[in-house]
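Below you'll find the structure, written out as structure tokens, and then a few comments.
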Amino acid sequence: MSKSKIAVQVDDLTVAYNYKPVLWDIDLEIPEGVLMAIVGPNGAGKSTLIKSILGILKPIAGSVSIYGQPYEKQRDLVAYVPQKGSVDWDFPTTALDVVMMGTYGSLGWIKRPGQKEKKAALEALEKVGMLPFKNRQISQLSGGQQQRIFLARALVQDASIYFMDEPFQGVDATTEIAIINILKALRKANKTVIVVHHDLQTVPEYFDWVTFLNVKKIATGPVKDIFNDDNLTKTYGINYKVSIQK
Amino acid sequence: MLGSFAVLRKQSLLGDAISHAALPGIAIAFLITGAKDSNTLLIGALISGLLGTFWIRGIISKTHLKSDTALGLILSLFFGFGMLLLTFIQKQPNANQAGLDKYLFGQAATLVESDVWLMVIVTALCLFVLLLFWKEFKILLFDKDYAKTIGFNTKTIDILITSFIVLAIVLGLQTVGVVLMSAMLLAPAAAARQWTNSLSVMVLLAALFGAFSGVFGTAISATQNNLSTGPVIVIVASIFVIVSFIFSPNRGLLFRQIRFIKNRRDLELHKTLSFMFHIAKTHEDISHPHAIKILNNFQGFTKGTLKKLVDKNYVVLNGNMWSLTNLGFQTAANLYNQQSKNDE
């Protein structure tokens with residue numbers, strides 16, 4: 001793994017909302033082409049880490065680089081799937097419209113999406129199995145369907161690195177399998193995928209790379225080497241036992 | 001029109017705060033120039049409106065106060081200050097002072113031709129900017145963080161939207177007045193939201209509703225003496241809202257209730273049919289007659305439902321015996337499949 005390129009590099013990152021730091025002195029290297037889970041208890045700063053890497057939050061100290069360059073210069077390479085709960089789903093718009101938003105970034109200011117963008121959006125909807133729902137008002141979609149729409153919006157961006165904030169939260173088994181299959185397909189295409197994840201049981205099955213986070217970085221590396229009771233205990237503070245299938 | 005954005009941003013009260021914040025601007029502009037030229041006064045209103053808005057944003061981002069607290073605070077502060085200045089002006093020996101209080105409730109009759117032209121120009125400008133930055137406005141409203149990650153300067157878009165809301169409000173002040181302006185901003189948008197699930201249609205409808213209330217309101221107040229225009233316009237706009245809440249086909253209360261009742265009836269009918277189906281199934285001959293009495297054990301059965309089933313040719317009645325028809329049998333057998341198909 002050491003010979004592969006570094007997709008995301010985080011140095012000395014510290015983030016605080018008020019007085020108490022949410023992230024403390026994080027150093028992290030994510031190699032290209034991994035499917036990585038970020039795990040940690042509630043309030044460990046998992047979403048904050050993603051948001052700081054993406055420049056949504058301003059860190060107190062530290063720097064982030066994407067393929068050796070600051071994020072601002074590498075936007076085209078990065079796609080973000082926010083938490084489903086972060087938007088108002090009663091917003092008057094359709095599924096296709098939301099997916100089209102994925103093309104806005106490459107369009108830039110003022111220019112409007114045309115046929116090419118629409119075609120890309122339809123293809124992405126097809127990939128997540130949501131094509132029949134393209135004209136649905138987004139409030140009339142189930143939670144799992146909304147999540148898939150968000151995923152499709154990121155797919156449209158055709159990025160190299162994907163950040164996803166809890167894509168498996170509150171979705172049923174069918175959607176979970178559909179999403180993980182897409183993630184695995186992305187990895188096959190040598191894309192880097194970083195997922196905030198809560199279900200520890202499925203980590204060894206879904207991911208090949210993992211980062212343990214609890215304000216500080218506990219450990220990061222290949223799942224088969226570091227996903228063990230020792231690191232879980234350090235992260236969650238209780239003696240957490242999982243059966244690890246190696 | 002711009003009200004749509006305020007409603008969707010859940011910042012409806014912002015309009016209220018802005019219009020109240022404009023009052024001291026009007027008063028100060030009058031004190032400085034000593035003239036009642038409406039353009040000067042409006043520029044004063046614009047400046048203090050913007051000032052109020054950015055103070056509100058400052059309070060929200062710098063302190064832990066909720067946005068409604070910040071809005072309320074600024075609203076009453078500016079309005080109080082404005083009232084203070086108005087009373088001060090009234091005590092001054094200046095013949096021009098009369099009529100400033102028109103801005104409180106608005107008076108369309110004070111409009112002169114140049115005011116109308118100004119409105120037309122600014123409206124056209126708003127429309128132009130709206131069309132130009134449609135995509136940016138939309139993505140900011142829906143998902144701000146995401147907009148940031150794909151490279152839009154969300155602060156710029158935000159300031160742009162807010163500035164135009166302020167501009168629209170200040171222009172409306174002369175007609176509707178400080179106190180009622182926010183209704184003028186929000187009512188058309190709230191009404192429009194009921195009729196559509198598309199942002200573009202919503203904005204268009206809101207503009208139409210707004211224009212209609214303006215025209216109707218003015219017409220009504222012109223036919224009666226001593227009816228001031230502003231309140232009449234707002235009442236007309238509110239009627240649009242009430243009608244929309246009740247009668248709009250998808251989100252309206254009336255049709256929702258009708259659909260709800262119809263659904264219940266359909267379900268009752270289906271339940272009865274499937275109950276009959278289970279009895280009929282046990283016999284070789286599906287149209288073997290059964291006594292109506294058996295059905296009394298089934299909860300929810302009424303003579304009405306039986307009659308409806310007969311009307312639909314699902315059931316044949318013979319004295320006090322009933323039997324399923326072929327059609328009824330088939331329908332009942334496929335009932336569950338059919339329902340899941342309807343769900344898509």
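Only heavy atoms go into these numbers, but all of them, side chains included; no hydrogens, no water, no symmetry mates. Order of the sequence lines fixes the chain letters, A, B, ..., with proteins taken first and strands second; residue numbering starts at 1 for each chain.
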Heavy-atom contact with chain B under 4.5 Å, split by part of A:L57: neither
Proximal component of B:F133, with respect to chain A [non-hydrogen, under 4.5 Å]: side chain
Using the ring centroid of each side chain, check whether A:F207 and A:H197 are separated by less than 6.0 Å. yes
All N/O donor-acceptor pairs, side-chain side in residues 145-153 of chain B, below 3.5 Å, sequence neighbours left out:
{"unit_1": "B:Y146", "atom_1": "OH", "unit_2": "A:Q157", "atom_2": "OE1", "d": "2.6"}
{"unit_1": "B:K148", "atom_1": "NZ", "unit_2": "A:I56", "atom_2": "O", "d": "3.3"}
{"unit_1": "B:T149", "atom_1": "OG1", "unit_2": "B:Y146", "atom_2": "O", "d": "2.8"}
{"unit_1": "B:N153", "atom_1": "OD1", "unit_2": "B:K155", "atom_2": "N", "d": "3.2"}
{"unit_1": "B:N153", "atom_1": "OD1", "unit_2": "B:T156", "atom_2": "N", "d": "3.4"}
{"unit_1": "B:N153", "atom_1": "OD1", "unit_2": "B:T156", "atom_2": "OG1", "d": "3.4"}
{"unit_1": "B:N153", "atom_1": "ND2", "unit_2": "B:T156", "atom_2": "OG1", "d": "3.1"}

Given the options A:A79, A:P82, A:G55, A:S139, which has more heavy-atom pairs under 4.5 Å with chain B than any of the others? A:P82
Students often mix this up, so state it plainly: with edges at 30° and 60°, are the rings of A:W89 and A:F150 parallel, tilted or perpendicular? tilted
Could you check if a side-chain atom of A:Y162 sits within less than 4.5 angstrom of a side-chain atom of A:T192, using non-hydrogen atoms only? no
Under 4.5 Å to a heavy atom of chain B? For A:V87 that would be both
Pi-cation contact, A:F133 with A:R136 (under 6.0 Å, within 45°): no
Under 4.5 Å from any heavy atom of chain B - which part of A:V98: side chain
Interface moiety of A:Y71 toward chain B, non-hydrogen atoms closer than 4.5 Å: side chain
